[in-house]
Amino acid sequence: MRTPLVAGNWKMNLDRRAGVDLAAAVRSHLEGLEGVEGAIYPPFVYIEEVARACAGTALAVGGQDICDQEVGAFTGEVSGAMLRDVGATTVLVGHSERRHVYGETDEKCALKVRRALASGLKVCLCIGETLEQRDAGQTEKVCSTQLHGSLNGLSTEDMGQITIAYEPVWAIGTGQTASPDQAGAAHAYVRGVLSGLFNQAVADATRILYGGSVKPSNAADLLSVPDIDGALVGGAALTADNFLPILDAATEVRVR
Ligand code: 13P
């Protein structure tokens, strides 16, 4: 059974006050909804305060990244244990900005996934192709490579802690959303890869979120596609006016 999940990736935006206020608005709105789960990913330095504001509620708080090592001389990095310590329960791994701006490889993502699971964190693994790759007909190959590279060797039990976010790079922050058909085809393909890597039960149980210019005006259409189990939202997650209607749209989706 896949309950829709709407997650907000704040990236490097908002300040402490704005973040805590937004989290409080999302938390109280979510309390009035049924059939949808919510998560927010604030910048590291705001996680503790935001997590405190959300403690004991259904709104999960997570990190946008995690160090691939457990502890030690890794200047600038944040460990899984530290994330847990400040109240995070989930973490993004392999966001396209980490892959393309900071050069993260699938090998790095695989290490991060394993470190996150070892720390008791859930993982939202992000994958997706660039425009060049899509134009070259490589969307499926890229997604398959990223999934194999990051998830290979995990147990079916581990997969219970993993959500996939399909985020075509050309749709992130561009206002150019994948059409429901384009996204649906990619999601169905991703589910097939999960079935091959693990089994059909894992494929059926794993949530696959869509990310890339999701906003109130297109959320319902995207979320009505059978293989789209929620959204990972960037720009529209930065205000309650935009994010809350996307949560509402997800409640219309039948649990699958
Ligand atoms: P936008 O919603 O701003 O396109 O960002 C999507 C994203 O990268 C979420 O992780």
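Side chains are part of it too, since the values below use all heavy atoms of this structure and drop only hydrogens, waters and symmetry mates. We count ligands from 1, going down the list as the structure has it; atoms in each ligand are counted the same way.
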Requested in this report: Please determine, by modelled atom types, if W170 and E129 share a side-chain donor-acceptor pair under 3.5 angstrom.
Outcome: yes

For ligand 1, find each of its N or O atoms that sits under 3.5 Å from a protein N or O atom, and tabulate the pairs with distances to one decimal place.
from, atom 1, to, atom 2, distance (Å)
ligand 1, 2 (O), S213, N, 3.4
ligand 1, 2 (O), G234, N, 2.9
ligand 1, 3 (O), G235, N, 2.8
ligand 1, 4 (O), G173, N, 2.6
ligand 1, 4 (O), S213, N, 2.7
ligand 1, 5 (O), K11, NZ, 3.3
ligand 1, 8 (O), K11, NZ, 2.8
ligand 1, 8 (O), H95, NE2, 2.8
ligand 1, 10 (O), N9, ND2, 3.1
ligand 1, 10 (O), H95, NE2, 2.8
ligand 1, 10 (O), E167, OE1, 3.2
ligand 1, 10 (O), E167, OE2, 2.9

Report summary line: G38 and L247 have their tightest heavy-atom pair at CA-CD2, 4.5 Å

Query raised in the report: Taking atom types as modelled, is there a side-chain donor on D248 or T251 under 3.5 Å from an acceptor on the other?
Result: no

Query - Atom NZ of K215: over 12 foreign heavy atoms under 6.0 Å - result: yes

Query raised in the report: If you count the non-hydrogen atoms of other residues, nucleotides and ligands that lie under 6.0 Å from NZ in K122, is the total more than 12?
Result: no

Report summary line: Taken in chain and number order and not counting sequence neighbours, the residues that satisfy ring-ring contact (aromatic ring centres under 6.0 Å, His included) with H95 are none

